[in-house]
Amino acid sequence: MSHRSIHWFRKGLRLHDNPALLAAFENSSNVWPIFILDPWFIKNAQVGVNRWRFLLQSLQDLDEKLKKLNSRLFVIRGNPNEVLLQLFKEWKVTRLTFEVDTEPYAKQRDIEVEELAKKHNVEVVKCVSHTLYDVQKTIETNGGKPPLTYQRLQTLLAKMGPPPKPVKTLDSSAVMGNKTTVSEDHNKKYGVPTLADLGKSPEACGPLLFPGGETEGFNRLERMLKKTNWICTFEKPKTEPNSLIPSTTVLSPYLKFGCLSVRTFYYRLQEVYLQNKKHTQPPVSLHGQLLWREFFYTAGAGTPNFDKMEGNPICIQIPWEKNDKHLEAWANGRTGYPFIDAVMTQLRREGWIHHLARHAVACFLTRGDLWISWEEGQKVFEEHLLDADWSINAGNWMWLSASSFFYQYFRVYNPISFGKKTDKNGDYIRKYLPILSKFPEKYIYEPRTAPRDIQAKAGCIIGKDYPPPILDHDKMRPINIKRMAEAYGKRFDSGQDNKNGGSLKKKQSASEDGDEAPKKKVKKFRNKKMTDFLM
DNA sequence: GGACGGGTTGGAGGT
DNA sequence: AACCTCCAACCCGTC
């Protein structure tokens with residue numbers, strides 16, 4: 001039986017550990033690896049120019065690799081349904097293969113495509129390879145609902161056994177039977193477009209720090225794997241948000257597009273762990289980070305309206321306020337808080353910021369300072385992050401805004417002191433906000449407090465060359481904590497109220513903990529880590 | 001993967 | 001030797 005197969009790349013832009021791609025080449029006389037530039041994404045998804053570049057580079061890399069296997073990538077623009085219908089007829093296709101995608105738009109799209117395929121007698125082969133596990137299976141194992149705590153996920157996964165091993169990389173032996181010829185005008189008809197072809201300006205891109213593609217992803221992975229001691233002692237909370245060289249792997253953009261298989265990543269780490277007796281554990285270890293990804297993917301796949309507050313059953317409803325001026329100041333790095341502004345500048349320019357930097361700016365936008373909805377922040381991250389990943393982005397925004405998963409809303413990041421802990425001299429601020437670079441260390445985190453003559457000497461007058469703070473963090477913090485307490489339906493305590501018997505919250509926790517001695521209970525609470533506070 | 005203030009402790013160094 | 005001050009480092013409760 002000889003198939004004529006299309007492999008449809010969407011995510012999973014790689015030849016390694018790509019079971020659906022392998023399936024396309026099985027018993028096939030002809031295979032067409034395609035990528036569809038779906039106008040939906042151009043219209044509805046916020047994709048900044050840096051991520052466009054990353055995607056196009058990834059496609060370019062794919063095409064290069066396929067060339068070496070006497071194949072090519074066929075890039076086609078248009079609505080997937082229309083494109084595929086056309087191709088089914090034109091190429092007399094009998095089989096369509098693709099990787100399972102769990103995002104809402106993709107799920108709906110794939111249902112429609114499957115119907116179309118069925119109607120045209122095209123066999124569909126779908127494989128799970130973007131996540132460690134089949135998230136639907138994880139949800140089923142949990143009784144039909146996604147696990148909403150990390151602990152719960154770990155318990156489930158332990159029950160389910162280790163994730164599937166990566167499959168073999170597509171190689172010349174696998175493609176041997178492929179007779180698909182490449183026309184002379186392939187580049188013109190099916191070539192990978194340039195940014196300019198898409199109406200994007202290459203000049204708008206930032207410096208090319210993280211080139212897209214499987215090759216780059218693999219090189220990056222290999223460089224990391226050499227640092228075995230670093231891997232075995234890795235603890236995410238101890239990595240620095242404002243080091244000038246990333247303190248984490250920056251493999252997330254490659255995972256997002258599937259240039260790097262998460263299972264390959266997982267098992268390569270496993271090898272390093274096995275060679276060393278001691279290594280850190282989830283949630284802080286590198287394996288732990290992949291489980292966080294799995295956690296949010298699973299939650300995102302099993303929760304309606306996961307990227308919204310309204311209609312989202314796991315999201316606490318908080319009366320955020322609209323303030324376009326503040327939102328714009330935040331998004332463009334003009335809040336007057338240098339650390340916040342430096343992070344947002346790095347985000348817009350380079351497309352990647354450290355996890356804890358994301359924490360700080362997300363807290364600032366939402367429950368910490370500006371009291372603006374996390375959905376607004378989500379959009380800005382969606383546009384600018386190279387690793388913008390639907391489930392992970394939404395999940396972390398809910399986390400940081402204490403809307404779901406994490407509920408310690410009184411843990412507010414201080415936009416002045418947080419960055420100082422790991423960068424006293426403010427080198428990070430000096431790099432991303434050069435206008436502030438000449439301020440002495442004493443004033444770099446709050447230049448407005450510098451005397452006028454020092455501002456003049458630094459060549460930066462606050463109010464003229466750099467904005468004063470758009471609001472006063474010390475004033476807003478208690479106000480916002482009170483608002484959060486109200487949204488949580490809990491009484492806010494002033495000092496006096498405390499003397500009169502304490503808060504509702506305290507009473508609740510006391511009754512929950514029952515017979516435990518108060519002192520011991522407190523200590524237990526203190527020793528817990530942030531991740532232990534999950535419901 | 002908070003910040004902060006108030007309290008305690010314990011070592012260095014001075015009287 | 002005994003006893004002080006100072007201060008950093010930690011503990012702990014609070015928001």
Side-chain angles (χ1 to χ4, degrees), chain A residues 149-151 234-243 246-248 252 280-286 288-289 291-293 295-296 337 339-340 343 353-369 392 395-402 404-423 445-446 472-488 490-510 513 517-534:
Chain A
T149 70
Y150 193 87
Q151 187 63 54
F234 183 91
E235 293 180 59
K236 185 66 164 281
K238 289 190 181 161
T239 57
E240 300 186 0
N242 45 12
S243 64
S247 60
T248 50
S252 52
T280 51
Q281 295 291 333
V284 298
S285 64
L286 282 168
Q289 305 317 301
L291 293 185
W292 279 115
R293 177 178 182 273
F295 176 71
F296 288 122
Y337 286 93
F339 178 64
I340 300 296
V343 172
I353 51 178
H354 185 274
H355 184 65
L356 295 182
R358 301 180 197 203
H359 278 212
V361 297
C363 183
F364 189 89
L365 178 73
T366 57
R367 65 187 167 84
D369 296 87
I392 302 174
N396 274 307
W397 273 101
M398 282 190 270
W399 183 295
L400 256 300
S401 60
S404 196
F405 306 115
F406 168 77
Y407 304 99
Q408 309 309 114
Y409 56 78
F410 39 79
R411 293 189 176 179
V412 177
Y413 288 81
N414 185 314
I416 295 157
S417 57
F418 183 69
K420 281 187 191 171
K421 285 190 288 187
T422 46
D423 179 21
Y445 281 87
E446 35 187 349
D472 182 345
H473 172 77
D474 292 333
K475 280 207 183 99
M476 293 316 293
R477 194 182 83 103
I479 292 171
N480 289 343
I481 287 174
K482 186 166 182 283
R483 287 159 143 176
M484 287 300 291
E486 280 162 6
Y488 272 51
K490 287 174 184 165
R491 206 171 90 232
F492 177 75
D493 292 322
S494 68
Q496 240 181 357
D497 281 343
N498 263 336
K499 281 179 204 157
N500 294 337
S503 67
L504 179 59
K505 198 176 100 194
K506 261 204 279 189
K507 277 177 191 163
Q508 276 180 346
S509 66
D513 283 351
K519 236 184 186 172
K520 198 177 164 191
K521 181 183 74 199
V522 164
K523 191 153 191 185
K524 197 175 155 195
F525 179 83
R526 295 246 344 136
N527 287 340
K528 283 202 173 252
K529 287 177 187 162
M530 184 177 182
T531 44
D532 299 330
F533 286 115
L534 301 167

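Lettering of chains follows the sequences in order, A, B, ..., and the numbering in each one begins at 1.
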Taking [Y]'s backbone N and O only, do any of them form a donor-acceptor pair with [X]'s side chain (distance below 3.5 Å, no angle check)?
X        : Y        : result
A:Tyr445 : A:Gly419 : yes
A:Gln289 : A:Pro283 : yes
A:Arg367 : A:Arg411 : yes
A:Arg358 : A:Trp397 : no

Measure the distance from [atom1] on [X] to [atom2] on [N] and round it to the nearest whole Å.
X        : N      : atom1 : atom2 : value
A:Ile416 : B:dC4  : CD1   : P     : 9 Å
A:Phe418 : B:dG1  : CZ    : P     : 8 Å
A:His359 : B:dA3  : NE2   : P     : 12 Å
A:Asn480 : B:dA3  : CG    : C1'   : 15 Å
A:Arg477 : B:dA3  : CZ    : P     : 9 Å
A:Tyr409 : C:dT14 : OH    : C1'   : 12 Å
A:Tyr445 : B:dA3  : OH    : P     : 12 Å
A:Asp472 : B:dA3  : CG    : P     : 16 Å

Which nucleotide sits closest to the side chain of [X]: [options]?
X        : options              : value
A:Arg411 : B:dG1, B:dG2, B:dC4  : B:dG2
A:Asn414 : B:dG1, C:dC15, B:dC4 : B:dC4
A:Phe410 : B:dG2, B:dG1, B:dC4  : B:dG2

For A:Lys420, report the nucleic acid contact type (base, sugar-phosphate, nothing); a contact means any heavy atom under 4.0 Å. nothing
Would one find a side-chain N or O of A:Lys421 under 4.0 angstrom from OP1 or OP2 of B:dG2? no
Please determine, for C:dG13, whether a Watson-Crick or G-U wobble partner exists with both distances under 3.5 Å, and give it or none. B:dC4
A:Tyr413 versus A:His359, side-chain donor and acceptor atoms under 3.5 Å: yes
